[in-house]
Peer 1: 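Provided herewith is a single structure, encoded as structure tokens, for subsequent inquiry.
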Amino acid sequence: MSDASLLHSTWAEVDLDAIRQNIRWFREHSQAQVMAVVKANAYGHGIIPVARTALQAGATWCGVARLDEALLLRQAGLDAPILTLGYTPPARLEQAIVAGISLTLWDERQLEQAVAAAQRVGMDARLHLKVDTGMSRLGIQPEAASHLARRIARTRRVIFEGLFTHFARADERDPLPTDQQQQRFEDVLRALEREGLRPPWVHAANSAAGLTRPSAHYDLIRVGIAMYGLHPSGECPLPQGFRPALTWKAVLSQVKLLPPGRGISYGHTYVTTRWERIGTVPVGYADGFRRVERNWVLVGGRRVPVVGRVCMDQLMVQLDEAPQARAGDEVVLIGAQGEERLPAEELGRRWGTINYEVTCGIAGRVPRLYLNER
Ligand SMILES: Cc1ncc(COP(=O)(O)O)c(C=O)c1O
């Protein structure tokens, strides 16, 4: 029995050595600097320990979605460059500038707001211009990008720090859609270079492009999913050398032998057909474990089926495959136990989603415990 199982009913273990190893892979395989993308609480892994570890391992930037995430990093004493990849409300610009957070912009109005905020606080605003080359999410259209870039470069109180784009299909086998996006980005970049306006940080690659497309590495690669040791997609698996960082565990809170004909959980969607050993696991949909049919967990190094409906805080498992299981034993919901593995990718498939959503969805009430913290 581990110490954690004496203290917690469920918890996620994050092995920071895996984060180090995964960051190092990019350091060894790319000339570009690495931005550790730690938005959404580091994809559920815990923003502060992951960011600190990634920076120790050689990442030089952190990427977040929102200003509040950037400020958490600053409050933790991290002074590395941080880029807010998403929208920053205008009333928060002064706070961002004072904290030295780099900001993403994509229109003239944002430039004016940034300049005004920078003047008010008497500090420069660091700006990255985002170009929409085909994701159709955020960004200025390529045709209009050079004009705005020129304005940023020539405006006082702002620093034209970066130019970037984001790929929509870099995790697919077919390279063509990403080739096209990259070509649009290159056109903007070349135009700026001709005028001597190339900013110091040009970036485009997410994990998938970081793994497969060296020509898109430029100055910086923005690595999220691969840093956590998770595959960008089925068509873009991680190569050898990566390791998943997160294992989601729980303890068996009760094990009981039930006679035939007993309904299990709300709605009695599962009814025992003979004497069956049923275990209770203190994890439910409020922890981020989905209330869908055909879930599995690991007990005693074996896969056991979840039976009956997943409740808010608990679920039940059928223990035929783990006859030795006792209350207090460790359960693995994501990760390895003995020889058996239940990767986040498999839960994603089972739940009709992707590994990203699985780990991001592990609720805040599940404690994160860190292994190999330095
Ligand atoms: C703009 C941007 N860059 C980089 C990333 C990292 O992507 P990935 O986790 O696929 O490496 C994301 C994540 O969605 C993103 O939104």
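Both ligands and their constituent atoms are indexed starting at 1 by order of listing. For this chain, numbers begin at 1 and follow the sequence in order.
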Peer 1: Can you tell me the protein heavy atom closest to atom 10 (O) of ligand 1 and the distance?
Peer 2: Tyr356 OH, 2.6 Å
Peer 1: Parallel under 30°, tilted from 30 to 60°, perpendicular over 60°: which one fits the rings of Phe289 and Trp248?
Peer 2: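 Rings of Phe289 and Trp248: perpendicular, over 60°.
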Peer 1: Which residue in the set Arg243, Arg374, Arg24 passes salt bridge (charged side-chain N to carboxylate O under 4.0 Å, His left out) when paired with Asp17?
Peer 2: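 Of the listed options, the one satisfying the test is Arg374.
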Peer 1: Look at atom 4 (C) of ligand 1 and say which protein heavy atom is nearest, naming residue and atom and giving the distance to 0.1 Å.
Peer 2: Arg222 NE, 3.5 Å
Peer 1: Using ring pair (Phe, Tyr, Trp, His ring centres under 6.0 Å) as the criterion, list what pairs up with Trp201, not counting sequence neighbours.
Peer 2: Trp61
Peer 1: Any chance you could lay out the salt bridge (Lys or Arg N to Asp or Glu O under 4.0 Å) test for Arg169 and Glu172, step after step, and finish with the verdict?
Peer 2: CA-CA 6 Å; Arg169 302 177 64 178; Glu172 295 178 14; 2.9 Å; yes
Peer 1: For atom 15 (C) of ligand 1, find the nearest protein heavy atom and state the residue, atom name and distance (0.1 Å precision).
Peer 2: His166 CE1, 3.5 Å
Peer 1: Quick one: does His203 get within less than 4.0 Å of ligand 1, heavy atoms only?
Peer 2: no
Peer 1: Trp11 vs His8 aromatic rings, parallel, tilted or perpendicular, using cut-offs 30° and 60°?
Peer 2: tilted
Peer 1: Which bit of Arg137 gets closer than 4.0 Å to ligand 1, counting heavy atoms only: side chain, backbone, both or neither?
Peer 2: side chain
Peer 1: Return the closest protein heavy atom for atom 14 (O) of ligand 1 as residue, atom name and distance.
Peer 2: Lys39 NZ, 2.9 Å
Peer 1: Quick one: does Ala208 get an N or O within less than 3.5 Å of an N or O on ligand 1?
Peer 2: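 No - when backbone and side-chain N and O of Ala208 are compared with those of ligand 1, no distance drops under 3.5 Å.
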Peer 1: Heavy-atom contact check, 4.0 Å cutoff: does Met35 meet ligand 1?
Peer 2: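 No, Met35 has no heavy atom closer than 4.0 Å to ligand 1.
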Peer 1: Do any side-chain atoms of residues 36-44 form donor-acceptor pairs under 3.5 angstrom with protein atoms, and if so which ones, sequence neighbours left out?
Peer 2:
unit_1, atom_1, unit_2, atom_2, d
Asn41, OD1, Ile47, N, 2.8

Peer 1: I'd like to check whether Gly224 has a polar contact with ligand 1, where a contact means an N/O of the residue lying under 3.5 Å from an N/O of the ligand.
Peer 2: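 So ligand 1 has an N or O lying under 3.5 Å from an N or O of Gly224.
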Peer 1: Can you pull out the closest protein heavy atom to atom 9 (O) of ligand 1? Residue, atom name and distance to 0.1 Å, please.
Peer 2: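 Its nearest protein heavy-atom neighbour is Tyr43 OH, 2.6 Å.
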Peer 1: Look only at the side chain of Gln56 and the backbone of Arg20, and say whether a donor-acceptor pair between them is shorter than 3.5 Å.
Peer 2: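 No, because the side chain of Gln56 does not come within donor-acceptor range (under 3.5 Å) of the backbone of Arg20.
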Peer 1: For ligand 1, which atoms sit closer than 4.0 Å to a heavy atom of Ser207?
Peer 2: 8 (P), 11 (O)
Peer 1: Whether the side chain of Arg74 engages the backbone of Ala99 through a donor-acceptor N/O pair (distance < 3.5 Å, no angle test) should be reported.
Peer 2: yes
